[in-house]
Amino acid sequence: MSPEVETVIAILVATLRAGTPLVFAALGELVTEKSGVLNLGIEGMMLIGAVAGFIATVLTGSPVAGVVFAMLAGTLVSLLFGFLTLTLLTNQVATGLALTIFGIGLSAFVGLGYIGTPIQGLPPLAVPLLGEIPVLGPLVFGHDPLFYLSLALFAAVAWFLARTRAGLVLRAVGESHEAAHAIGYPVIAIRYLAVMFGGAMSGLAGAYLSLVYTPQWTENMTAGRGWIALALVVFATWRPARVLLGAYLFGGITIVGLHIQAAGFEASAHLLAMLPYLATILVLVLISRDTTRIRLNAPAALGKPFHPDA
Amino acid sequence: MWFRLEPRAQASRRLRTAAPLIALALTLASGTVLFGALGQNPILALHTFFIRPIDSLYGLSELAIKAAPLALCAVGLAIGFRGNVWNIGAEGQLTMGAICGGGLALAFYGAEGPWLLPLMVLAGGLGGMAWGAIPALLKTRFNANEILTSLMLSYVAIQLLGYLVHGPWRDPEGYNFPETRLFGDQALLPVLVEGTRLHGGVVLALIAVGLGWLLLSRSFAGFQIKVVGQAPAAAAYAGYSRRRVVWLSFLIGGGLAGIAGLGEVAGPMGQLNPTVSPGYGFAAIICAFLGRLHPVGVLLASLLLALLFLGGESLQMHLNLPLAITGVFQGLLLFFVLACDVFVRYRVRLGRAAVGLAP
């Protein structure tokens with residue numbers, strides 16, 4: 001294989017890897033938002049998931065246990081958010097910010113003794129024969145198990161929202177909680193479940209970072225990916241397929257920046273690090289410009305608290 | 001549910017003041033448990049955290065130094081939050097203020113005069129304002145969510161600062177440390193009290209609190225901001241422009257955060273380095289809510305949050321506890337503040353709802 005082809009394959013594989021945590025987090029937030037709840041705490045939940053998964057892996061020696069633990073931790077803190085916003089009816093924007101601030105603080109605190117601890121992260125699947133096919137092998141069969149899980153979860157979420165009765169109920173709750181409540185659906189309970197799903201997915205996204213992407217724990221290692229995931233949901237106009245596309249697009253931007261530097265171009269690492277954030281702003285502007293499209297696609301009850309007596 | 005919430009006909013005024021205090025008490029209680037769990041004597045730990053940092057004049061002046069940038073940022077944010085404008089990029093606006101004001105000090109290094117400092121304050125404010133103007137423009141012109149754009153711009157600003165101090169602005173005699181040269185004397189805010197680091201930025205913060213109060217409580221613009229925030233439909237009917245409120249919020253918030261950044265580099269730091277702020281812009285969000293979005297409340301909340309920063313350092317120094325504990329306390333405090341808000345708007349009744357009522 002020529003070195004050019006190898007570079008292209010390496011870039012593509014790296015792009016998919018860089019996009020995968022965004023896929024997890026954005027899919028989770030998509031389901032949460034479809035139920036009418038805006039959780040701005042993804043960044044915090046991802047950090048909690050990352051640190052919980054890392055510590056569990058160190059203690060048990062099993063990255064699988066780490067992944068499970070990360071999802072549990074993500075769910076647990078999302079329940080805190082759920083209790084405040086759904087039961088105590090606090091402002092969702094403010095509570096989401098609180099969750100992020102709390103997650104940054106708590107993860108830094110808990111993870112302090114684990115900075116620099118080496119672990120055996122989740123290795124890529126080594127598929128015999130198929131993995132050795134040129135080009136296709138590394139692109140299709142050479143990934144880690146969580147990558148395939150992200151694709152499966154994408155398919156599951158897309159199917160759930162579009163094709164199942166439960167998905168329809170969830171969307172109804174997100175469009176009009178009064179109507180859903182009047183028909184007799186348990187609005188608050190459904191929203192709790194959606195919030196918990198978002199928490200578990202954010203935890204998973206965090207675990208991907210600390211167990212697969214860069215198998216180590218560093219403070220604040222999400223570096224704004226939780227916020228990019230939030231932007232992705234808007235970019236995708238609340239459609240799962242576009243979430244997937246957007247996540248890989250952003251993964252690609254991160255990776256291209258790295259490769260520009262590796263190719264020997266004079267570019268400051270600091271300036272290149274701005275790229276994903278600038279791209280997020282650009283994409284948000286392009287997509288939000290069409291106000292009608294946003295209004296038609298956004299869940300109508302997004303961010304509005306629900307009190308059955310009020 | 002073992003309790004239910006009954007909406008109050010009118011928000012309780014008494015509880016409106018009491019809620020932040022209840023939240024503070026709950027945070028302290030959690031802190032006691034946390035310290036106990038860490039194997040520390042809770043009384044000693046709480047004393048080291050909350051009392052020891054401010055048991056001297058020097059400690060009190062340090063408290064004021066940390067509260068100043070918090071109050072500057074938080075007053076601006078509170079004005080925006082009142083109008084339902086979610087500027088959470090104060091950290092970036094603060095950084096840009098530091099870059100613009102500090103850049104001026106570097107540009108005129110060796111050619112200073114008494115005119116430099118006022119110009120730096122102006123440049124800091126304008127820098128923060130310009131950085132705040134971007135999300136405002138993107139919101140009003142393109143409908144882009146200001147939460148996300150203002151936050152993304154914070155990351156961009158922090159990277160820009162990193163680029164400048166690692167690259168073009170690095171001190172030529174600084175042994176390759178990522179920091180600029182020390183500013184000249186005329187580029188530094190005056191020290192107010194001999195023997196402390198108390199600087200003129202504290203006065204700027206107090207002025208900002210005063211002006212913020214005038215704007216919100218005594219001006220028509222402030223009234224418009226509040227109406228747009230609380231009753232968008234009524235505001236539209238009255239012809240109050242939502243766009244104007246977005247612009248106003250971001251320009252004021254950005255400008256004040258920029259001055260806060262300038263106050264850091266021309267105050268205690270005296271130079272630019274990659275970490276101008278230990279997260280003042282984000283902590284200011286907590287100050288805004290804890291202070292009930294009222295400038296005077298914000299001032300008190302800033303003092304408390306400043307104490308959390310100092311307390312974290314004190315714990316690290318005296319009890320060898322990690323600095324990250326400050327972040328845990330900040331998060332807990334904001335959670336409790338938001339949760340206690342429920343008592344203001346609702347009556348909490350124990351037991352299930354009576355039969356026949358909604359569940």
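Model, not experiment: these values are computed from the prediction. Lettering of chains follows the sequences in order, A, B, ..., and the numbering in each one begins at 1. All values below come from the heavy atoms of this structure, side chains included, with hydrogens, waters and symmetry mates left out.
Ranked by heavy-atom pairs under 4.5 Å with chain A, the first of R141(B), Q159(B), H166(B), R345(B) is Q159(B). In terms of non-hydrogen atom pairs under 4.5 Å with chain B, the most contact-rich of L99(A), L286(A), T100(A), V110(A) is L99(A). The candidate from L40(A), L97(A), I104(A), T85(A) with the greatest count of non-hydrogen atom pairs under 4.5 Å with chain B is L97(A). In terms of heavy-atom pairs under 4.5 angstrom with chain A, the leader among L148(B), L321(B), L334(B) is L148(B). For the set A339(B), A157(B), G167(B), P135(B), the entry with the most heavy-atom pairs within less than 4.5 Å of chain A is A339(B). Of the residues considered (L80(A), V234(A), I287(A)), L80(A) shows the highest number of contacts with chain B, using heavy-atom pairs under 4.5 Å. With chain B as the partner, the residue from L106(A), V285(A), T291(A), T280(A) showing the most heavy-atom pairs under 4.5 Å is V285(A). Among the candidates G44(A), P276(A), A94(A), the residue making the largest number of heavy-atom pairs closer than 4.5 Å to chain B is A94(A). Note: G162(B) leads A288(B), S154(B), G279(B), G162(B) in heavy-atom pairs under 4.5 Å with chain A.
A donor-acceptor contact closer than 3.5 angstrom links the side chains of T95(A) and T90(A).
Contact of I147(B) with chain A is made through the side chain alone, with heavy-atom distances under 4.5 Å. Heavy-atom distances place no part of I134(B) under 4.5 Å from chain A, backbone and side chain included. N91(A) touches chain B through its side chain: at least one heavy atom from C-beta onward sits under 4.5 Å away, while N, CA, C and O do not. At a 4.5 Å heavy-atom cutoff, the contact between L38(B) and chain A is made by side-chain atoms alone. Of the two parts of L151(B), only the side chain, counted from C-beta on, holds a non-hydrogen atom closer than 4.5 Å to a non-hydrogen atom of chain A. Both the backbone and the side chain of L338(B) come within contact range of chain A, with heavy atoms under 4.5 Å apart. With a threshold of 4.5 angstrom between heavy atoms, L230(A) approaches chain B through its backbone and through its side chain.
When side chains are defined from C-beta on, F309(B) counts as touching L70(B), because their heavy atoms get closer than 4.5 Å. Looking at heavy atoms from C-beta onward, W169(B) lies out of side-chain contact with Y163(B) at the 4.5 angstrom threshold.
A ring-centre distance under 6.0 Å is not found for H177(A) and Y185(A).
Classification of the F81(B)-F289(B) ring pair by plane angle, with boundaries at 30° and 60°, yields parallel.
Look at D341(B) and R292(B) and you find a salt bridge, because one of the NZ, NE, NH1 or NH2 atoms lies within 4.0 Å of a carboxylate O, short of that distance. A salt bridge is defined here as a Lys NZ or Arg NE, NH1 or NH2 lying under 4.0 Å from an Asp or Glu carboxylate O, and E6(B) with R8(B) fails to meet this definition.
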